[in-house]
Asks: 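Quick one: the structure is below, and I'll ask about it shortly.
Below, read A as the first sequence line, B as the second, and so on, with proteins coming before strands; counting in each chain starts at 1.
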Amino acid sequence: MFPLPKEDKMVSPFFVFYLIHAMQVGVGILGFERVIVQSAGYSAWIAILASGASIIGLIWISYRILNKGNNDIVAIHADIMGKWIGGFFSFLFSLYFLSFALVVLRSYVEVIQVWVFPEVSQWIFVLIIIFLAYSYVTGGFRVVTGVSYLGILYGLPLLLVKFYPLQYADYGNLLPIFNASPADLFKASKEMTLNFLGFETLFMFYPFIKDGPKSEKWAYFGVLFSIFIYLLTAFVTFVYFNQEQLKGTIWATLTLWKIVDLIIVERFEYIGISVWFFTILPNICIGLWCASRGMNRLFPVSQRNALKMFCLLLFMISVLLTDRQQIDVLQKVISQIGLYTIYFYLPFLLVLQYIIMKVKKG
Amino acid sequence: MGFFKSKLKRFNRDNKQKKNENSEHELRIDELLHRCKESTDFVSYRYSESSPFYIHYYQTIVEINILHQYVLPYINENESNTLFDLQQAIPIDNTEIIDNVHEIRDKLLTGCIVIEVKGSIQEALVISAVSLEKRPVSMPEVEYSVVGPKEAFVESIDANINLVRKRLPIPDLIVEEVKIGSLTKTRVAVLYIKGVTDKENVNTILQRLKEIHFDQIVDSSFINQIISDNHNSPFPHLIDTERPDRVASVLSEGKITIIVDGSPHALTGPTTLVEFFSAFEDYFLSWHIASIFRLVRLFAVFFSVLSTSLYVAVLTYHYEMIPENLLNPLIASRSGIPFPPILEAIILELTIELLREAGARLPTKIGQTIGIVGGIVIGTAAVQAGLTSNVLLIIVALAALASFTTPVYQMGNTIRLIRFPFLIFAQLWGLLGVTFCFSYILCHLLKMTSLGRPYLAPVYPLRLDDLRDSLFRLPFFMQTKRPMQVRSPVRTRFQPKKHEKPKRDIED
Amino acid sequence: MKSKNFLWCITLPLILTGCIPSPKVLEDIQLVQTIGYDYVNDEEFEGTAGSSNIPPGEQSLPVNEVFSAKGKTSKRIRQEIQAEAARPIVVGRVGLVIFNKELAEHGIEKQIDSLQRNPSIGRKLLLVVSKEKAKDIIDSNYSQSDSVSQYLIDVVEQNIEATIPEINLHRFLVHYYSKDADPFLPLIEKQGKHLKVSGLGIFKEDKLVDTISFGDAFIFKILYEKFRRGQFEVELSGGEDVSLENLSSKPKIRVDKRNGKYIATFKVKVNGRAMEGVDLDLTDKKTIERIEKAVEKEITERAEKMIKRFQEMDTDPLRIGEKARQRSDFNRKEWREQYSQMEIKIEAKVNAVQSGIIE
């Protein structure tokens with residue numbers, strides 16, 4: 001009923017590293033510092049570690065579910081809950097994956113509109129990006145993996161640029177080290193978790209990994225690398241900005257790039273925003289791929305048609321969201337859903353799967 | 001594209017019809033001879049009144065000395081009057097008695113002497129006496145190298161295979177030949193080393209070659225375009241090279257070579273994008289130098305593709321990015337110029353293309369002059385007349401120069417072509433436009449395959465082993481494995497000798 | 001399918017040309033390089049934009065162009081200025097912002113806010129306070145071949161390297177937003193055909209409350225940041241003048257809390273080469289020691305005096321408060337109460353070596 005993909009469509013387990021990492025580092029990293037600092041001050045880096053650790057735990061859970069099911073979430077749902085209820089949840093998952101693409105796409109276009117071309121209407125950028133994402137996704141999962149891998153490679157040099165703000169660093173900013181109540185830290189961790197969302201796409205592309213169980217360690221490495229990137233970014237931002245200043249800075253990383261002066265280029269943020277496109281493109285591609293693949297598995301519709309439909313949907317919703325408040329609301333809603341999904345639904349699924357497997361065997 | 005496809009289809013149909021006609025009424029020898037006699041260079045006579053043998057040949061493609069020295073005397077001496085006796089008598093090894101008229105016709109047209117005996121109906125003795133006009137093996141011109149072998153392929157397929165076989169004297173070097181082209185009947189040879197090359201790759205190529213239905217195959221580039229994986233791609237799918245040393249080297253890597261008669265360029269594949277930026281000379285230099293040159297070439301490609309579009313993007317939208325010291329010179333060079341940067345850039349780019357095209361079409365000596373005169377005179381005049389800024393002139397000239405560093409000519413053309421979409425996108429959305437365009441091309445490259453193998457390897461899919469001879473060229477003792485790309489059944493090329501030198505003291 | 005994609009790729013941009021951003025081609029815009037703000041009354045202020053036109057040609061000299069207008073907000077002023085400019089005015093390349101002293105005394109919050117909100121403005125922007133009207137500084141000729149704006153920027157930049165503490169928009173904002181520190185800005189004044197950096201303007205929040213002299217600005221720099229390549233002159237007890245060159249210094253602030261009382265200590269390490277001692281034997285170890293002592297004394301005395309003044313004004317440009325905040329037992333209310341009376345010690349350690357090419 002749910003056949004596994006062909007061998008030549010698969011990718012090596014090693015690429016799970018890039019897929020997971022690409023999904024986790026998206027548009028959030030341009031401005032996550034402000035959010036966590038508002039809750040926990042400059043001790044917020046602890047929150048990064050804490051939520052990162054919890055994500056590692058969740059990946060462990062995910063792999064237990066997937067290794068046992070040995071297929072994607074649609075098949076697992078159908079196994080556990082039957083065709084109708086399982087199908088319903090799978091459908092929700094598909095929409096959830098689509099919403100990732102939506103949030104990332106719309107936030108990036110917002111950045112373009114605020115920082116680069118304020119006078120251009122959003123729909124044109126939405127259209128171009130969706131078109132590009134469409135042409136990637138039609139290449140299949142291998143191409144999607146390729147763009148996540150290359151996107152990360154292109155994004156990495158941006159880390160080197162962090163050197164420039166460090167010249168203005170005041171390392172004393174980080175002191176005192178523990179200056180937040182556990183409640184504040186918990187709140188910050190919760191907010192930080194939103195940035196780590198996206199690893200759930202694993203549930204969709206798992207069958208496309210050659211020798212899935214072997215990829216587990218790469219998934220952990222991917223998360224660890226994300227944690228490292230977030231920590232490094234937070235560290236540089238913290239020592240560069242004053243705490244009060246940071247609380248009012250919406251896109252800390254972008255503001256930070258303003259100080260970069262590369263002799264032949266001043267004002268790095270314009271380059272930064274352009275190069276950042278290669279980091280957000282994989283997010284949109286993976287989101288769209290997962291959503292359309294889910295549709296293809298659930299309904300008798302070709303993945304290409306599902307993709308076209310979703311692209312249209314994505315375009316319409318993105319254009320309808322016109323101002324920052326709406327985008328913020330969208331982000332909040334999606335992240336709330338994500339939070340409940342990963343912290344409550346996944347463990348629930350694991351337990352349910354365990355019980356049902358036991359019952360079926362017995 | 002669709003137009004082209006339909007044309008191809010129609011052509012195939014015509015072809016089939018013709019074939020059917022041929023086979024319908026069986027060709028007879030006298031009919032064949034009759035048809036041949038319409039050409040004035042066809043010679044057909046009886047040796048003497050007493051001799052039973054009739055001799056037919058095309059005098060333009062037959063080596064007349066062979067006829068005079070080795071055939072006619074024996075016909076004369078020989079008293080017998082069967083073809084078999086004659087075959088025995090003639091001291092030439094390449095003779096055959098054929099009773100298939102189609103075969104006889106083919107032989108006749110490829111330079112054989114056909115001897116017919118009086119009375120025999122469908123049998124003829126065929127003596128090979130091909131006279132081939134070919135130029136001697138000369139210096140490589142397209143892929144010139146300062147050091148290393150100075151041989152280049154010529155137009156004769158036999159000479160070319162000779163050049164390769166000389167370098168690989170092993171029985172495992174297999175040559176498979178197909179004839180393609182309903183009119184040209186071009187001999188196309190597929191070369192590979194048995195046991196080293198993946199059988200699947202060979203089959204892919206042979207199958208694609210056999211599926212070609214086309215009237216004329218004049219050059220290997222025809223084959224390159226027809227069998228490519230994606231007909232709409234501006235990127236070449238197979239490397240064409242004129243260096244037999246390069247061919248020998250890629251064959252031993254496990255790749256396949258296609259040699260086409262009448263073409264001084266061999267095709268090799270499966271290939272990757274980075275391979276197009278490796279000159280064969282890299283292997284003649286020490287590995288540090290070669291690696292640096294490869295990186296320089298790669299940089300040159302990026303520079304060539306992106307520099308003018310970045311100029312347009314920055315000057316049109318992102319003035320903030322120009323550093324303080326460059327600002328005044330840039331404004332000074334730009335102010336007073338009547339065109340916006342995009343027009344200025346397109347005009348200059350087109351000028352360079354014109355110069356290049358004119359230089360390529362004209363005889364070498366005039367071409368050089370045109371290049372110099374055009375470059376200097378037009379450039380200086382344009383700047384002095386205030387039509388273009390001298391900064392852009394420098395950038396465009398450098399970009400053109402950079403595009404010529406690509407060792408494979410076909411790739412150089414592609415690079416010059418993809419500059420223009422970048423320019424347009426830069427004008428539309430500045431730096432973001434450049435990014436959009438870049439990601440579209442990246443998407444294209446990611447989807448692309450060469451003989452079904454990923455084109456972007458070894459970067460994606462990442463093959464760390466293959467990186468040793470792609471972006472860099474590491475020393476030979478580290479090149480112990482064949483690239484993953486070719487899926488060779490024998491991955492190890494040689495067993496590396498242990499490079500362990502006993503640690504000696506300084507003065508030991 | 002694929003050829004359709006390709007077609008789309010080419011035709012899309014053509015159909016959509018209506019949605020492209022409006023170009024700001026480099027030579028078709030009026031690049032503002034300096035901005036000046038002057039005080040008019042409590043509601044209005046005057047904005048001056050200094051820019052230059054560069055005529056075509058390789059050796060052409062820039063021609064100065066100055067626009068100014070009065071208004072309540074920066075936006076309003078910009079509109080007025082736009083009305084008299086031949087080309088659209090853009091502020092993305094502003095390198096220097098001059099606040100008139102009078103305006104600075106009334107507060108510069110409005111102006112700073114509009115600067116930091118504008119995404120096209122960089123963070124390396126220099127801010128200064130001028131004794132004269134900012135408009136007069138921008139709208140005058142200096143004995144330089146460069147454009148006026150470039151000249152003004154060069155003067156300030158050069159001084160930031162050696163004589164006054166480094167401050168740009170980013171640093172200013174860090175100090176400005178900090179709850180435990182106050183900002184400062186360089187002070188400039190016109191002197192004949194030249195511009196001169198004449199000290200530092202000390203702020204309390206966004207208002208200028210005090211100025212310190214050029215000499216004290218250097219002491220400030222020693223206390224404020226690590227640097228190399230400075231120069232310091234001192235008069236010995238005997239009346240001889242000695243200068244320390246190639247001076248490098250590294251300050252360290254320590255804030256202790258004893259019995260609920262904060263005590264701050266500046267530890268300053270200064271290295272330098274003694275030069276220009278006309279009647280002095282600089283090879284003599286004793287002379288060197290004397291010089292060291294004299295410099296130490298000079299730095300300590302002047303620094304203490306300066307800090308006393310800051311305490312009287314209840315302003316903290318040296319970020320002592322930030323240092324105190326880094327203590328885990330920090331209490332902001334206590335600190336605010338104690339700051340103006342607290343004990344602040346200066347410990348200068350000077351290490352001089354003889355140098356010069358003549359003994």
Asks: Using a 3.5 Å distance criterion without hydrogens, assess whether the side chain of B:Tyr319 forms a donor-acceptor pair with backbone atoms of C:Gly92.
Replies: yes
Asks: Roughly how far, to the nearest 0.5 Å, is CG of B:Leu327 from CD of C:Gln150?
Replies: 8.5 Å
Asks: Is it the case that over 12 heavy atoms from other parts of the model lie below 6.0 angstrom from the CZ atom of B:Phe339?
Replies: yes
Asks: Rounded to the nearest 0.5 Å, how far does OH of B:Tyr311 lie from CG of C:Leu26?
Replies: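 Here the interatomic distance stands at 8.5 Å.
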Asks: Please flag which part of C:Val90 lies under 4.5 Å from any non-hydrogen atom of chain B: side chain, backbone, both or neither.
Replies: both
Asks: Give, for atom CD of B:Glu324 and atom OG of C:Ser149, the distance between the pair rounded to the nearest 0.5 Å.
Replies: 9.0 Å
Asks: side-chain hydrogen bond (donor to acceptor under 3.5 Å, both in side chains) with C:Asp28: which residues, sequence neighbours excluded?
Replies: none
Asks: Quick check: does any side chain N or O of B:Arg334 sit under 3.5 Å from a backbone N or O of C:Glu27, one acting as donor and the other as acceptor?
Replies: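 Looks like no, no N/O pair under 3.5 Å.
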Asks: Mind checking what makes ring pair (Phe, Tyr, Trp, His ring centres under 6.0 Å) contact with B:Phe436, not counting sequence neighbours?
Replies: A:Phe277
Asks: Under 4.5 Å heavy-atom distance to chain B, tell me which part of C:Ser52 shows up: side chain, backbone, both or neither.
Replies: neither
Asks: Please name the pair of heavy atoms, one in C:Pro21 and one in B:Trp429, separated by the smallest distance, quoted to 0.1 Å.
Replies: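 Smallest interatomic distance, heavy atoms only, reads CD-CD1, 3.5 Å.
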Asks: Is there a side-chain contact between C:Leu31 and B:Ile331, using heavy atoms and a 4.5 Å cut-off?
Replies: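 C:Leu31 vs B:Ile331: side chains touch.
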